[in-house]
Visitor: 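Provided herewith is a single structure, encoded as structure tokens, for subsequent inquiry.
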Amino acid sequence: MQRLSHWINNQAVNTDEPTLEDINPVNGEILASVPLAGQNTVNQAVACAVDAQQRWAKEPVHKRAQVMFNLRALIKQHHDELVQLISVDNGKTLADAKGELQRGLEVVEYACGAPELLKGEHSRLVASDIDSWSEFHPLGVVLGITPFNFPAMVPLWMIPMALICGNAFILKPSEKVPLAATRLAELLAEAGLPAGIFNIVHGGRDTAEALIDHKDIKAVSFVGSTAAAKAIYQRAAAAGKRVQALGGAKNHAVIMPDADLENAASTLIGAAFGGTGQRCMAISVAVCVGDETADRLIEHLLPKMDELKLSAEENQQADMGPLIDQVAVTRVNSILSQAKEQGAELVCDGRQYAALPDKGCFVGPSLVDKVSASMSCYEQEIFGPVLSLVRVKELDDAIALTNAHMYGNGACIFTESGAAANRFSNTVEAGMVGVNVPLPVPMAFHSFGGWKQSLFGDLHAYGPDGVRFYTKRKTVTQRWLKQTGHSTAFGQL
Ligand code: NAD
């Protein structure tokens with residue numbers, strides 16, 4: 001079994017720290033043992049990053065961009081290998097792994113525009129003889145802590161943006177899926193990134209906390225569960241650090257009576273069950289306006305759910321992979337039991353799904369009807385292949401229900417009515433909104449983030465907000481007298 005190394009100063013660093021097992025959720029195979037970094041490794045990585053960052057910040061911006069051009073080429077060159085690694089480590093299907101890598105690559109491509117992104121703002125003649133401009137300076141060494149569900153994409157939301165802004169970066173990947181990050185580190189080195197600018201420190205919560213607390217870490221980007229996001233936000237902010245902490249979600253899709261239900265059902269299948277529901281942008285609640293809409297939607301959904309293939313073998317072509325581990329299986333199964341006890345109707349019970357593989361961390365696609373706001377399957381983020389269906393009378397009821405939920409990552413509406421779509425997108429309390437689009441994940445040149453308990457902090461991930469997050473602004477106001485011939489410290493000009 002492979003023992004993973006930390007990555008510090010463009011080198012694999014081995015330690016005798018305790019380890020955790022990284023397990024393939026398809027078959028329980030142990031893929032690697034993951035070291036849990038202690039204070040010494042944390043100090044070593046941060047010290048090395050502090051030293052290297054001072055030189056990196058002085059590199060011309062087009063040279064920093066050039067590393068991103070090279071990285072883009074290398075990711076494309078090693079595309080299949082990276083996809084395979086993501087799929088094996090996380091259990092997701094090859095199609096999902098390809099989609100994830102593509103979305104990560106788009107942030108690398110955005111970062112290639114570093115000279116444009118960082119050129120600042122200039123105002124001529126803000127007063128007589130006075131010009132003023134704003135510059136964007138790097139923060140120093142910044143930290144990223146990432147979740148299990150996107151082993152490559154979420155690190156790539158952060159790394160390119162932080163690096164082009166002149167920072168050094170330390171990644172603490174999810175201890176459940178550490179493999180892709182290590183390969184990205186090697187590719188960054190091959191792309192020409194100087195030693196010490198990108199480092200990986202493996203570990204779990206204790207390691208993350210030691211990194212957050214380190215005095216030389218200037219900012220923290222976090223993506224993961226809301227409980228951790230909130231704790232990290234409070235911890236880092238109390239120490240005066242900049243922090244963006246993206247948390248959990250419960251994304252609602254409102255289905256209007258005039259919606260094209262065949263289209264809505266097809267896209268909901270992908271949005272609710274793709275990635276086995278382990279996506280922060282998964283649609284986990286369908287809010288149907290009118291009983292007839294709900295009944296008809298179910299008629300469209302059920303045959304499509306029956307056709308979903310679960311992959312019982314590594315990397316097989318399939319529609320759904322396993323959940324990340326047995327803990328997740330137990331949690332999803334127990335929420336399904338509670339839903340029934342609390343009066344919901346299990347139209348399709350994933351625990352008894354016909355094509356359920358007999359090994360691995362699988363739960364089949366589940367559809368729960370007649371869900372109400374007080375049920376645990378509605379209140380909690382399930383993070384599994386469960387679509388809850390809530391029936392309401394009017395669009396305003398659907399909006400009020402969505403807005404009352406603690407999470408506000410994404411929300412969407414399916415309708416043929418421009419007026420309904422407008423009303424929804426103007427009033428729904430979510431950071432990302434879709435109209436006849438189930439997963440409104442912003443492109444790399446916009447920014448990604450939710451509202452309410454789905455994001456703690458002010459700036460969203462990647463895109464223009466990414467540049468703002470990873471830089472501090474300096475505004476210079478300069479006056480040069482028009483007359484020549486005045487004396488200066490350097491003599492007569
Ligand atoms: P998690 O919160 O358990 O772990 C995420 C990372 O944080 C891991 O690296 C883990 O080691 C570390 N960690 C956990 N608790 C910590 C703590 N108290 N202090 C410091 N570090 C801590 O999340 P997960 O189970 O890996 O990922 C699933 C969650 O991530 C879901 O809730 C999902 O909605 C969320 N997520 C959100 C987004 C988004 O953009 N909003 C994107 C992807 C995933």
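Counting starts at 1 for both ligands and their atoms, in listed order. Position 1 is the first residue of the sequence, and the numbers go up from there.
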Visitor: Check each of Gly247, Gly248, Ala328 against atom 37 (C) of ligand 1 and report the one with the nearest heavy atom.
Guide: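 Minimum heavy-atom distance to atom 37 (C) of ligand 1 goes to Gly247.
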Visitor: Among all the protein's non-hydrogen atoms, which is closest to atom 42 (C) of ligand 1, and how far away is it?
Guide: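 Among all protein heavy atoms, the one nearest atom 42 (C) of ligand 1 is Cys280 SG, 2.9 Å.
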Visitor: Measure the distance from atom 7 (O) of ligand 1 to every protein heavy atom, then report the residue, atom name and distance (to 0.1 Å) of the closest one.
Guide: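 For atom 7 (O) of ligand 1, the nearest protein heavy atom is Phe222 CE1, 3.1 Å.
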Visitor: For Ala208, counting its heavy atoms only, list the atoms of ligand 1 lying under 4.0 Å from any of them.
Guide: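 With Ala208 as reference, the close atoms of ligand 1 come out as 20 (C), 21 (N).
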Visitor: Is it true that Ser174 lies under 4.0 Å from ligand 1, counting heavy atoms only?
Guide: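 Per 4.0 Å heavy-atom rule, Ser174 contacts ligand 1.
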Visitor: Angle class for the Tyr378/His405 ring planes (parallel below 30°, perpendicular above 60°, tilted otherwise)?
Guide: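 Rings of Tyr378 and His405: perpendicular, as their planes differ by over 60°.
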Visitor: Report the member of Thr226, Asn149, Ile232 with the shortest heavy-atom distance to atom 19 (N) of ligand 1.
Guide: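 When every heavy atom of Thr226, Asn149, Ile232 is considered, Ile232 comes closest to atom 19 (N) of ligand 1.
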Visitor: Given Met281, Met153, Glu175, Met432, which has its nearest heavy atom closest to atom 11 (O) of ligand 1?
Guide: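 Residue with the shortest heavy-atom distance to the ligand atom: Glu175.
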Visitor: When you measure from atom 28 (C) of ligand 1 to every protein heavy atom, which one gives the shortest distance, and what is it?
Guide: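 Atom 28 (C) of ligand 1 sits closest to the protein heavy atom Phe383 CE2, 3.5 Å.
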Visitor: Counting heavy atoms only, which of Leu36, Thr146, Asp325 comes nearest to atom 6 (C) of ligand 1?
Guide: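 Going through Leu36, Thr146, Asp325 one by one, Thr146 has the nearest heavy atom to atom 6 (C) of ligand 1.
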Visitor: To the nearest 0.5 Å, what is the distance between CG on Leu156 and CD on Glu100?
Guide: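 So the gap between those two atoms works out to 8.5 Å.
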Visitor: Give yes or no for whether the N/O distance cutoff of 3.5 Å, strictly under, is met between Ala228 and ligand 1.
Guide: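 No.
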Visitor: Answer yes when Asp458 and Arg468 have at least one side-chain N-carboxylate O distance shorter than 4.0 Å, and no when they do not.
Guide: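 So Asp458 does not pair with Arg468 through a salt bridge.
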Visitor: For ligand 1, is there an N or O atom under 3.5 Å from any N or O atom of Trp157?
Guide: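 Not met; the criterion fails.
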Visitor: Where is the nearest protein heavy atom to atom 40 (O) of ligand 1: which residue, which atom, and how far?
Guide: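 Checking every protein heavy atom, the shortest distance to atom 40 (O) of ligand 1 gives Phe448 CE2, 3.0 Å.
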Visitor: Identify the heavy atoms of Cys165 and Arg64 that sit nearest to each other, and give their distance.
Guide: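 Result for this residue pair: C-NH1, 3.5 Å.
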Visitor: Going by distance only, is there an N or O of Gly203 that falls short of 3.5 Å from an N or O of ligand 1?
Guide: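 In fact, backbone or side chain, Gly203 has no N or O that close.
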Visitor: Which residue holds the protein heavy atom closest to atom 32 (O) of ligand 1, what is that atom called, and what is the gap in Å?
Guide: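 Sorting protein heavy atoms by distance from atom 32 (O) of ligand 1 puts Glu381 OE1, 2.6 Å first.
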Visitor: Among protein heavy atoms, which sits nearest to atom 26 (O) of ligand 1, and what does the distance come to when rounded to 0.1 Å?
Guide: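 Heavy-atom neighbour on the protein nearest atom 26 (O) of ligand 1: Phe148 N, 3.0 Å.
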Visitor: Examine Ser454 against ligand 1 and note whether any of their N/O atoms are separated by less than 3.5 Å.
Guide: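 No; every N/O pair is 3.5 Å or more apart.
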Visitor: State the atoms of ligand 1, each with its element, that fall below the 4.0 Å cut-off from a heavy-atom position in Ile145.
Guide: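 Under 4.0 Å from Ile145, ligand 1 has these atoms: 6 (C), 7 (O), 9 (O), 12 (C).
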Visitor: To the nearest 0.5 Å, what is the distance between NE2 on His252 and OG1 on Thr402?
Guide: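 Separation between the atoms: 4.5 Å.
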Visitor: Measure Tyr407 to ligand 1 on non-hydrogen atoms and call it side chain, backbone, both or neither using the 4.0 Å cut-off.
Guide: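 The answer is neither.
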Visitor: Return the residue, atom name and 0.1 Å-rounded distance of the protein heavy atom closest to atom 23 (O) of ligand 1.
Guide: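 Nearest neighbour among protein heavy atoms for atom 23 (O) of ligand 1, to 0.1 Å: Ser225 N, 3.4 Å.
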Visitor: Do the side chains of Asp349 and Lys340 get close enough for a salt bridge, i.e. N-O under 4.0 angstrom?
Guide: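 No, this pair does not count.
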Visitor: Is any side-chain heavy atom of Val108 closer than 4.5 Å to one of Met68?
Guide: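 Yes, close enough: below the 4.5 Å cut-off.
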Visitor: So which heavy atom in the protein is nearest atom 18 (N) of ligand 1, and how far is it from that ligand atom?
Guide: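 In this structure, atom 18 (N) of ligand 1 has Arg205 NE, 3.3 Å as its nearest protein heavy atom.
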Visitor: A quick test of your reading: do over 12 heavy atoms of other residues, nucleotides or ligands sit less than 6.0 Å from CG of Asn426?
Guide: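 Yes, CG of Asn426 has more than 12 neighbouring heavy atoms, counting only those of other groups under 6.0 Å.
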Visitor: Any chance the side chains of Arg351 and Ser366 put a donor and an acceptor closer than 3.5 Å?
Guide: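 Note: Arg351 and Ser366 side chains miss the donor-acceptor criterion.
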Visitor: So does Lys176 pair up with Asp22, basic N to acidic O under 4.0 Å?
Guide: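 So Lys176 does not pair with Asp22 through a salt bridge.
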Visitor: Examine the proximity of ligand 1 to Gln278 and report which part, side chain or backbone, both or neither, has a heavy atom under 4.0 Å away.
Guide: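 For Gln278, there is no contact with ligand 1 at all, from either part.
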Visitor: Does an N or O from Lys176, backbone or side chain, lie closer than 3.5 Å to an N or O of ligand 1?
Guide: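 Lys176 vs ligand 1: no N/O contact under 3.5 Å.
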Visitor: Could you work out, for atom 27 (O) of ligand 1, the closest of Gly204, Ala282, Pro147 by heavy-atom distance?
Guide: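 Looking at heavy atoms only, the winner is Pro147.
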Visitor: Measure up the Tyr470 and Phe169 rings against each other and bin them: parallel (under 30°), tilted (30 to 60°), perpendicular (over 60°).
Guide: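 Taking Phe169 first and then Tyr470, their aromatic rings stand perpendicular (interplane angle over 60°).
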Visitor: Checking contacts now, so for atom 34 (O) of ligand 1, which I'm interested in, is there any protein heavy atom under 4.0 Å?
Guide: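 Yes.
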Visitor: With a 3.5 Å cut-off and no angle check, do the side chains of Ser33 and Gln2 form a donor-acceptor pair?
Guide: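 No - no donor-acceptor pair under 3.5 Å links their side chains.
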Visitor: Nearest 0.5 angstrom please: Tyr462 OH to Met443 CE, how far?
Guide: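 Between Tyr462 OH and Met443 CE, I get 8.5 Å after rounding to 0.5 Å.
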Visitor: Can you tell me how far the CG atom of Leu268 sits from the CG atom of Leu301, to the nearest 0.5 Å?
Guide: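 If we round to the nearest 0.5 Å, Leu268:CG and Leu301:CG are 6.0 Å apart.
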